[in-house]
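I have placed the structure first, in the form of structure tokens, so that the comments after it can refer back to it.
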Protein chains: 2
Amino acid sequence: MKIGQATIKDIARELNLSASTISRALKDYPGISDETKKKVKEVAEKLNYRPNAIALSLRKSRSYTIGVIIPEVVHFFFSTVISGIEEVAFSRGYNVILTQTNEKLEREKSSINTMLSNQIDGFMISFSKETSDFDHFSQLLEQNYPIVFFDRVPDLDGAVNVIVDDYQGAYDATKHLIEQGYNTIAHLAGPKNLKICIERERGYRDALKAHQMPIREEFILECADGTPEHSKEITRKLIANFADKPDAIFANNDMVAAGAMMACKEAGLRIPEDVGIVGFSDWQICTLVDPSLSSVYQPGFQIGSKATELLLDMIEKKISADQIQSPVVLNTKLIMRKSSKKRE
Amino acid sequence: MKIGQATIKDIARELNLSASTISRALKDYPGISDETKKKVKEVAEKLNYRPNAIALSLRKSRSYTIGVIIPEVVHFFFSTVISGIEEVAFSRGYNVILTQTNEKLEREKSSINTMLSNQIDGFMISFSKETSDFDHFSQLLEQNYPIVFFDRVPDLDGAVNVIVDDYQGAYDATKHLIEQGYNTIAHLAGPKNLKICIERERGYRDALKAHQMPIREEFILECADGTPEHSKEITRKLIANFADKPDAIFANNDMVAAGAMMACKEAGLRIPEDVGIVGFSDWQICTLVDPSLSSVYQPGFQIGSKATELLLDMIEKKISADQIQSPVVLNTKLIMRKSSKKRE
DNA sequence: AAGGCTTATTCAAACGTTTGCAATAAAATC
DNA sequence: GATTTTATTGCAAACGTTTGAATAAGCCTT
């Protein structure tokens with residue numbers, strides 16, 4: 001920090017007034033004459049006075065800062081969420097302190113600790129893939145720290161969770177493929193320890209059931225790391241090993257879908273004529289691949305903004321956690337593009 | 001913040017010692033008996049003591065927090081840079097406070113102000129597209145605030161800038177197209193107020209010159225907003241209006257390249273046989289589009305980490321700004337993929 | 001036994017604010 | 001002219017920590 005930044009005391013000295021008077025004058029408290037207010041403000045301006053938020057925090061035991069903990073920043077979905085968080089936080093006068101865990105539990109815990117040390121007013125958390133027990137979260141909840149979980153959320157009493165309707169999204173996607181006339185729909189699933197992935201798989205299964213289609217376990221393949229390379233690999237095998245090939249693929253996310261798409265093209269299969277493909281998340285890549293990829297839109301920005309609204313309301317005691325019926329579920333939306341449109 | 005968080009005073013009361021002793025004991029200062037140290041640490045543990053970083057900041061006039069100001073979070077390049085920043089900051093014990101300007105100058109200024117209020121130890125800035133004069137930066141520099149600019153950097157005395165060798169990257173890309181036997185290379189340029197874009201265009205021009213190829217101004221088109229839609233539009237016209245069409249395109253970034261690719265396919269042109277395309281940045285999409293897109297890799301993570309290293313070194317007075325020869329230029333790397341490989 | 005070192009601890013001020021209460025002075029009331 | 005009211009300002013403590021200087025006790029030295 002810069003030495004010589006003007007403080008209230010400097011203004012006080014300059015005007016031969018006390019610090020308390022300056023403080024009140026700057027804040028337009030009643031009981032300060034208009035004349036002094038004016039003078040104080042002039043001098044403040046002249047000295048380029050800037051209130052010291054740290055001192056204020058210490059005094060008020062409030063930092064006007066929220067801590068955001070996410071698995072990774074370089075991720076279309078999460079960066080979109082951050083954007084929503086940042087937007088609301090900024091407009092309500094809060095700072096955002098950000099850390100990424102790189103999917104490491106240890107880092108998650110240590111981030112929580114530094115943030116606690118930094119007296120942040122509340123947490124926004126989407127936990128890492130490594131996180132399987134939630135004790136470190138329970139502790140925070142017990143101590144009444146305001147927390148909102150989003151996307152990857154724990155099953156904890158009293159936790160406020162903001163999620164997307166993964167089940168419905170997956171259901172819609174699968175239903176859409178069925179309605180387009182595809183008969184054997186495979187699913188490239190995500191890691192089983194993430195609820196969101198389980199929900200997507202559940203939506204997929206339920207849609208099949210609802211349309212009296214058999215669920216074939218050999219066509220549900222886990223593509224845990226979610227990279228296009230891995231998915232390409234898996235899809236290759238899927239195509240090669242089965243005489244009776246699937247004619248559609250519902251993928252757990254868009255990267256996986258893109259990988260599957262590459263494998264299909266490589267095998268000489270036409271999309272959407274021979275194989276229909278639907279992804280999940282509706283990333284930018286959907287409109288850039290050829291053919292354009294149908295996908296389930298997740299309102300990332302809204303997740304961020306909604307979650308932040310809730311958190312700030314909790315912090316400012318406008319509402320308490322138990323007044324919020326959790327989880328808050330935001331709607332997904334199926335975006336149909338070429339990759340799944342067999343029929344006109 | 002949670003009420004009832006244990007403080008040094010609480011430990012002091014419990015052990016009938018003074019606050020100063022506790023402080024020193026916790027920090028293993030000499031002059032405290034081993035016995036007391038032990039007792040203090042036990043009690044600290046028991047009470048779940050956590051140092052109050054805010055109080056520390058006030059005392060030390062140091063917040064161990066750096067402020068990051070970027071145009072937008074939802075952007076592959078910037079999110080990668082953030083990741084690099086976060087990594088280094090975390091490992092050196094600093095917090096990262098993040099704001100995005102959404103390309104608005106006003107927001108840039110106001111972010112600087114809140115960060116100043118929050119006594120951050122230094123700034124990392126990539127400025128907005130609206131920013132054309134740099135007075136608000138000069139002021140900070142004059143007051144000796146540590147700042148490192150990255151990617152979009154101002155021309156200011158005493159500023160430490162970290163950038164990528166855009167010129168060389170563009171030169172390499174263009175040279176590559178020439179060597180592949182393309183004869184008429186168009187350039188889809190970026191907004192002229194960003195130095196990075198001007199540099200890329202300059203690299204393109206110089207590569208043409210160096211190979212005795214004519215520079216045709218009608219084939220240098222500004223695609224200012226950088227969206228694939230816009231670029232598709234422009235490329236369509238480029239193809240339609242000229243009898244003597246370009247047979248290659250060097251785009252200012254990958255999105256623009258992807259848009260151009262779509263327009264070419266639409267017009268029935270084969271890539272890379274009829275048209276060669278090279279983008280810039282090497283985003284994820286490069287491997288997902290068909291054919292895969294050649295591009296110039298920008299080391300985003302390294303920009304972030306290098307810039308942060310420099311900033312923290314400045315903050316910790318290991319080096320001063322004038323000892324750093326600015327700009328620090330990181331190398332780009334041409335990644336050749338299918339979209340530009342006419343020859344084997 | 002008095003002075004001088006060590007060792008262990010405490011005191012008090014400081015960082016920049018805010019805020020309940022007290023103090024002062026001027027003005028208004030009777 | 002004495003008393004109350006009103007308007008304006010100041011005092012001092014507090015938030016949690018660090019740190020230079022001061023203190024107190026114990027031990028050694030001569």
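Naming convention: chains lettered A, B, ... in sequence-line order (proteins, then strands); numbering from 1 in each chain. Only a predicted model underlies this, so the values are computations on that prediction, with no experimental measurement involved.
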Sequence neighbours excluded and cut-off under 3.5 Å, please list the side-chain donor-acceptor pairs for residues 67-80 of chain B, or say none.
unit_1	atom_1	unit_2	atom_2	d
B/His75	ND1	B/Phe77	N	3.2
B/Ser79	OG	B/His75	O	3.0
B/Ser79	OG	B/Phe76	O	3.0
B/Thr80	OG1	B/Phe76	O	2.6

> Under 4.0 Å between a Lys/Arg side-chain N and an Asp/Glu carboxylate O for A/Arg107 and B/Glu87?
Replying inline: yes
> Could you give the distance from CG (B/Leu98) to CG (A/Leu98), rounded to the nearest 0.5 Å?
Replying inline: 6.0 Å
>> Strictly below 4.0 Å: does A/Lys9 bring a side-chain N or O up to OP1 or OP2 of C/dC15?
In response: yes
> For B/Lys37 and C/dT9, what is the distance between atoms NZ and P respectively, to the nearest whole Å?
Replying inline: 10 Å
> Between B/Ala55 and A/Leu56, which is nearer to the 5' end of DNA chain C once each is assigned its nearest nucleotide?
Replying inline: B/Ala55
> A/Tyr64 OH to C/dT17 C1': how many Å, rounded?
Replying inline: 13 Å
> Taking atom P of D/dT9 as reference, at what distance in whole Å does atom CG of A/Leu15 sit?
Replying inline: 11 Å
> Counting heavy atoms not belonging to A/Asp155, are there more than 12 under 6.0 Å from its CG?
Replying inline: no
> Quick check: does any side chain N or O of A/Asn118 sit under 3.5 Å from a backbone N or O of A/Ile120, one acting as donor and the other as acceptor?
Replying inline: no
>> Go nucleotide by nucleotide along DNA chain D from the 5' end; which of B/Thr7 and A/Ile32 gets its closest nucleotide reached first?
In response: A/Ile32
> Any side-chain N or O of A/Lys60 under 4.0 Å from OP1/OP2 of C/dT19?
Replying inline: yes
> Under 4.0 angstrom, heavy atoms only, what part of the nucleic acid is A/Leu17 near: base, sugar-phosphate, or nothing?
Replying inline: sugar-phosphate
>> Just the rounded figure in Å: distance from P of C/dC15 to CD1 of A/Ile8.
In response: 14 Å
> Under 4.0 angstrom, heavy atoms only, what part of the nucleic acid is A/Asp34 near: base, sugar-phosphate, or nothing?
Replying inline: nothing
>> Without decimals, in angstroms, what is the distance between A/Ile54 CD1 and D/dT17 P?
In response: 14 Å
Pairs: protein N or O with nucleotides 24-27 of chain C N or O, under 3.5 Å:
none

>> Taking only side-chain N and O atoms of B/Ser18, does any of them lie within less than 4.0 angstrom of OP1 or OP2 on C/dT10?
In response: yes
> Atom CZ of B/Arg62 to atom C1' of D/dT17: distance rounded to whole Å?
Replying inline: 15 Å
> Backbone N or O of A/Pro154 within a donor-acceptor pair of the A/Asn161 side chain at under 3.5 Å?
Replying inline: yes
>> Applying salt bridge (Lys or Arg N to Asp or Glu O under 4.0 Å), can you list everything that pairs with B/Glu108, at least two apart in sequence or on another chain?
In response: none
>> Tell me which residues in residues 19-31 of chain B lie within less than 4.0 Å of DNA chain D, going by non-hydrogen atoms.
In response: B/Ser20, B/Ser23, B/Arg24, B/Lys27, B/Tyr29
> Roughly, in whole Å, what's the span from CD1 in A/Ile11 to C1' in D/dT9?
Replying inline: 16 Å
>> Would you say B/Ser57 places a side-chain N or O within less than 4.0 Å of OP1 or OP2 belonging to C/dC15?
In response: no
>> List the residues meeting side-chain contact (heavy atoms from CB on, under 4.5 Å) with B/Tyr49, not counting sequence neighbours, and say none if there are none.
In response: B/Ile8, B/Ile11, B/Leu26, B/Ala44, B/Pro51
> Taking NZ from A/Lys39 and C1' from D/dT9, how many angstroms apart are they, rounded to a whole number?
Replying inline: 12 Å
>> So, does B/Ser33 get its side chain near the phosphate of C/dT9, meaning an N or O under 4.0 Å from OP1 or OP2?
In response: yes
>> The criterion is salt bridge (Lys or Arg N to Asp or Glu O under 4.0 Å); which residues satisfy it with A/Asp28, sequence neighbours excluded?
In response: A/Lys37, A/Lys41
> Between atom CD1 of B/Ile85 and atom CZ of B/Phe301, what is the distance when rounded to the nearest 0.5 Å?
Replying inline: 10.0 Å
> Choosing from D/dT17, D/dG16, C/dT17, which nucleotide comes nearest the side chain of B/Leu58?
Replying inline: D/dG16
